[in-house]
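First up is the structure itself, then whatever we jot down about it.
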Amino acid sequence: MRALPHPHLPAFFSEGGALRAKALQDYLLSLREVYVRYAPLPPVRLFVLSEKDWRARLPYPYGLPFQHAGPEGLSVYAPLTYPERLLHRLREVLLPLGPPPGEIPAFLDLNLGHEYAHAVQVAWRLRTGARWLDEFVANYLFLLGLRRARPDLAEGLLAWSEHLARLAPEKRRLSDYERRRGGLEGALWFQARFTLKAEEIQAQGGDRLLKAFLEAAPLDRRKGHRLLLALYPDLKDWFASFRAAPGAASSPPPAP
């Protein structure tokens, strides 16, 4: 394993991954510059791994970037190359929508920033324990950082979100998302809708929600849900739109 040392975001990579690791490291550091204006952040390690190294270290299928918090600290993982089987699955899901707004590998690289936002959530004690709410907050954080660090990439993310929001998964309730139902199509659709709503919230109030979250930390399911509705009461109607979606029959999980 090779390394690109850095006090805030050290990168470790498989053979042949130096240029890719440096590009992803620089990308995540640009987001970090935005986030540390709000609160301190611990180091986050970046791993860029070949399939062989990935399988030797991780129990997860090779390909999709992800974030991990463990005794050794916060880490984000990306593949050295995206396996054709993953790209094929994504092409199949996207086929009914027509040409996508960009290349699929570039979109997956972009979403490494979403995984970094999850690491920021953990560091700032903004995880709630409700999967749908944690994903919503991560999308909000990711878009906020991207808007300020890389406006060009933010526009690309929103173009992808508009595209993916046209998917029509069978399971569209937030309770389905909580139970990880709906497969790849459902995951893409939910993430797209979360991102588009995050854009609306930021257009209305900028970083007001983040500041309120930080003041209220540590968050839990009840506190996070109530704070969202207190600041943006119209979200109640947005939640209802999931209940009213075809095949849906219940509202989002209520705050206890």
Side-chain angles (χ1 to χ4, degrees), residues 4 9 11 13 17 19-35 41 44-49 54 60-68 74-94 97-121 134-167 184-203 210:
L4 290 173
L9 215 153
F13 57 92
L19 292 179
R20 175 164 169 75
K22 182 64 167 65
L24 294 177
Q25 183 187 54
D26 288 345
Y27 167 49
L28 296 183
L29 283 171
S30 71
L31 296 177
R32 184 185 184 278
E33 288 179 7
V34 176
Y35 297 137
L41 282 175
V44 177
R45 299 184 301 168
L46 167 65
F47 291 88
V48 181
L49 303 179
W54 184 291
Y60 310 112
Y62 182 67
L64 285 174
F66 74 97
Q67 176 268 332
H68 177 71
L74 298 169
S75 303
V76 291
Y77 291 82
L80 184 60
T81 59
Y82 292 104
E84 182 55 36
R85 58 186 176 274
L86 171 61
L87 299 178
H88 179 70
R89 285 180 60 206
L90 286 164
R91 292 188 198 106
E92 282 190 322
V93 170
L94 299 178
L97 304 181
E103 296 295 327
I104 292 175
F107 171 67
L108 294 173
D109 279 354
L110 179 65
N111 275 281
L112 182 63
H114 173 89
E115 299 307 321
Y116 184 68
H118 274 305
V120 172
Q121 271 185 290
D134 286 338
E135 289 299 323
F136 181 82
V137 174
N139 276 276
Y140 171 86
L141 280 173
F142 176 36
L143 184 61
L144 184 74
L146 206 58
R147 273 278 187 215
R148 288 158 172 75
R150 293 292 305 273
D152 56 325
L153 295 182
E155 292 303 321
L157 176 64
L158 292 171
W160 270 101
S161 297
E162 293 281 1
H163 189 71
L164 296 172
R166 294 166 47 218
L167 290 168
L184 182 59
E185 182 181 23
L188 291 169
W189 181 78
F190 274 108
Q191 294 288 359
R193 292 209 54 193
F194 292 166
T195 298
L196 294 174
K197 180 52 67 173
E199 168 69 2
E200 291 182 23
I201 285 177
Q202 290 177 37
L210 174 55

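Fair warning: this is a prediction, and the values are worked out from it, not measured in the lab.
Counting only heavy atoms from C-beta outward, the side chains of Pro65 and Val76 never approach each other to under 4.5 Å. Counting only heavy atoms from C-beta outward, the side chains of Arg20 and Asp109 approach each other to under 4.5 Å. Between Leu188 and Leu90, the closest side-chain pair of non-hydrogen atoms falls below 4.5 Å. Counting heavy atoms from C-beta outward, Leu86 and Ile104 have side chains that stay 4.5 Å or more apart. Under the 4.5 Å side-chain criterion, counting only non-hydrogen atoms from C-beta, Val93 is not in contact with Arg89.
Scanning all heavy atoms of the two residues, the minimum distance from Leu143 to Thr195 falls at CD2-O, 3.9 Å. The minimum heavy-atom distance between Leu31 and Leu146, with the atom names listed, is CD2-N, 3.7 Å. Looking at every heavy atom in both residues, Ala78 comes nearest to Leu24 through CB-CD1, 4.0 Å. For the residue pair Tyr116 and Leu9, the shortest heavy atom distance occurs at CE1-CD1, 3.9 Å. Here the closest non-hydrogen pair linking Gln25 and Leu4 is NE2-O, 3.2 Å. Trp189 and Ala165 make their closest contact through NE1-O, 3.4 Å (heavy atoms, listed as atom of the first residue, atom of the second, distance).
A distance of 5.0 Å separates CG of Leu97 from CZ of Arg166, quoted to the nearest 0.5 Å. Separating the CD atom in Gln67 from the CG atom in Leu74 is a distance of 6.0 Å, to the nearest 0.5 Å. Here CG of Leu46 is found 10.5 Å from CZ of Phe13. Values are rounded to the nearest 0.5 Å. In this structure, the separation between CG on Leu210 and CD on Gln202 is 9.0 Å, given to the nearest 0.5 Å. Between atom CD of residue Gln191 and atom CG of residue Leu157 there is a gap of 10.0 Å, rounded to the nearest 0.5 Å. Taking CG of Asn111 as the reference point, atom CG of Leu64 lies at 9.5 Å (rounded to 0.5 Å).
No more than 12 heavy atoms of other residues, nucleotides or ligands lie within 6.0 Å of CD in Glu103, so this atom counts as exposed by the packing criterion.
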| field | Residues Leu110, Tyr27; criterion side-chain contact (heavy atoms from CB on, under 4.5 Å); working and verdict | value | CA-CA 9 Å; Leu110 179 65; Tyr27 167 49; 3.5 Å; yes
| request: Might you work through the side-chain contact (heavy atoms from CB on, under 4.5 Å) test for Asp26 and Lys22, ending with a clear yes or no? | output: CA-CA 6 Å; Asp26 288 345; Lys22 182 64 167 65; 2.8 Å; yes
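Checked against side-chain hydrogen bond (donor to acceptor under 3.5 Å, both in side chains), Arg147 has the following partners two or more places apart in sequence or in another chain: Glu155, Glu199. Judged as a salt bridge (Lys or Arg N to Asp or Glu O under 4.0 Å), and not counting sequence neighbours, Glu92 has no contacts. Applying the salt bridge (Lys or Arg N to Asp or Glu O under 4.0 Å) criterion to Glu200, with sequence neighbours excluded, gives Lys197.
Between Trp54 and Tyr62, the angle of the ring planes goes over 60°, which puts this pair in the perpendicular group of the 30/60° scheme. Below 30°, between 30° and 60°, or above 60°: for Trp160 and Phe107 the angle between ring planes is below 30°, a parallel geometry.
At a cut-off of 3.5 Å, with distance as the only test, a side-chain donor of His118 or Gln121 sits close to an acceptor on the other residue. A donor and an acceptor atom, one from each side chain of Glu135 and His114, are located under 3.5 Å apart.
For the pair Tyr35 (side chain) and Leu141 (backbone), a donor-acceptor distance under 3.5 Å is present.
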